[in-house]
2 protein chains.
Amino acid sequence: MKTAAAPAEDQIDVSTQSIRDAIRDAIVDRRLAPGTKLSEADVGALFNVSRTLVRGALQALSYEGLVNVEKNRGAFVAYPSPEEARQIFATRRMIEPGILREAAKHMGLSHFQYLRQLLMEEGRLMNERGQMARRAEIKASGDFHLALASMTGNAVLQRFMDELVARSSLVIALYGQSAVSSCGHQEHQDIVTSIERGDLDRACQQMAHHIDHIEADLDMRENKGSDLREAFRR
Amino acid sequence: MKTAAAPAEDQIDVSTQSIRDAIRDAIVDRRLAPGTKLSEADVGALFNVSRTLVRGALQALSYEGLVNVEKNRGAFVAYPSPEEARQIFATRRMIEPGILREAAKHMGLSHFQYLRQLLMEEGRLMNERGQMARRAEIKASGDFHLALASMTGNAVLQRFMDELVARSSLVIALYGQSAVSSCGHQEHQDIVTSIERGDLDRACQQMAHHIDHIEADLDMRENKGSDLREAFRR
DNA sequence: ACCCATTCGATCGTATACAATTTGAACAAC
DNA sequence: GTTGTTCAAATTGTATACGATCGAATGGGT
């Protein structure tokens, strides 16, 4: 057993889906470090299920880009390369302005209230200290983008954004410097304000800059300590 | 055994991946009709593998949206609703202009040659008769869009487009009227010409219209007979 | 002391076995 | 003739078993 990551919930009725979600959360929350090996037997033991279900979960996560499965070697928490990170953010730059315009078409009062509520929560976390608050903050930041995606009513887009946000969280956890998120929060607020005003062009521009800022705040030099293992993997 | 869909290849060394690809091709080529049940045992028998591998393949296809897996009932070739179709094309409208701009940044002489070659093949198929040529034509049309995506050098985008094109093919096969593809071919050529001239704005506009035309040429009235079952599935 | 071949343990890949659920049909009641 | 119920066959869900592959440790040779 390598990692102690499983929530101590009573593991009743766990199926592939819940295992997938649990591991996914653990990865995005960075309770599982990139590069960590996810042995089928170990994970199965943690959840009291057979390798069959674990394999299914790992395969799904591999499809989302959160874990890499190497043939005959096992599954590892993804360790996004700087190039991968660049591609992820390039993709977000490409689709998020469109999401914003599409979402705006469908937004009513209740949607704005919901966004404002998310932002308040985000701000609250920003002023807290500690690892846990930091994690929650990263997640909350992603939730904002996911909320916009869900407001498009487009399930395909929503799935794409799910994947992009999850992988972004991983990248931020890996390469992110500290000061980032605070400015991100202000930018979220500005975007909502622009949408409310009906100034979508401005909102899109702000969104583009926002993504630029997130990416610019990464330090993607190769890396912290354990990268030697990673370099010679393969 | 319900369907006779497997290519009669000598099924040596088939693994999950190849099963997935074979079924995927069969679906996109419409050798497997939407709604067809893909029984694990039957598919396994066709490929001479156990249900384990078949399950993996079906799960992957489910993630791509080509197959619906219903718990305790089995896997079925996807039967995209008009709403799903709309979402797929909305997403393509959103990202393909961006792909085009990104691809253009990386394109050199050899890339143009490759695109021209694809277009020639496409034109050749257009002038042929018969089901087989029609299928090949739909596939070739998709290949054009995939080729552009691959030229971005962005693996994430490429995967998204893979999925979108595959699902589009299914939708076209389902709801497409006949005359469509011929005008699509001309539009592909125009887009390449615009890119070559460096007029990206024009190329993007043409791409947007191209996607509009594809979608406009679908007849998405609810449907051919068996849709009652579909309506009350779930 | 270093290098290469061999062996052994651990882990994955695939097949099979068994339990749980669904489905369709036969049959009885209205 | 239709509706409701019971039961058997078929199909999926999950676990386990066994063979295959990889990696590290071991040992002999130079």
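Quick note on labels: first sequence line is chain A, next is B, and so on, each numbered from 1.
Distances were taken from every side-chain heavy atom of A:Thr52 (C-beta onward) to each of C:dC12, C:dT14, D:dT16; the shortest belongs to D:dT16. For A:Ser50, counting side-chain heavy atoms from C-beta on, the closest listed nucleotide (C:dG13, D:dA15, D:dG13) is D:dA15. Nearest to the side-chain atoms of A:Arg55 among the listed nucleotides C:dG13, C:dA17, C:dC12 stands C:dG13. Looking at the side chain of A:Leu53, the nearest of the listed nucleotides D:dG23, C:dT14, D:dT14 is D:dT14.
Atom-to-atom, NZ of B:Lys37 to P of C:dT22 comes out at 12 Å; the value is rounded to the nearest Å. One interatomic measurement links the two molecules: CD1 of B:Ile19 to P of C:dG13, which rounds to 15 Å at whole-angstrom precision. The nearest whole Å value for the distance from the CG atom in A:Leu58 to the P atom in C:dT11 is 14 Å. Residue A:Asn72 contributes atom CG, which lies 7 Å from atom C1' of D:dA20 at whole-angstrom precision. When rounded to the nearest whole Å, the span between CD of A:Glu70 and P of D:dA20 equals 23 Å. Computed from coordinates, the A:Asn48 CG to D:dT16 C1' distance equals 16 Å when rounded to whole Å. Rounding to whole angstrom units, CZ of residue B:Phe47 and P of C:dT14 are separated by 15 Å. In this structure, A:Glu40 atom CD and C:dT14 atom C1' are separated by 12 Å, rounded to whole Å.
A donor and an acceptor atom, one from each side chain of B:Gln117 and B:Glu121, are nowhere located under 3.5 Å apart.
Ring geometry for A:His145 versus A:His188: interplanar angle over 60°, hence perpendicular rather than tilted (30 to 60°).
Taking 4.0 angstrom as the limit, B:Arg51 places none of its side-chain polar atoms (N or O) nearer than this to OP1 or OP2 of C:dT16.
The residues A:Arg159 and A:Glu163 are annotated as not salt-bridged, no charged nitrogen and carboxylate oxygen being separated by less than 4.0 angstrom.
By the 4.5 Å heavy-atom criterion applied to side chains, B:Ile23 and B:Leu58 are counted as neighbours.
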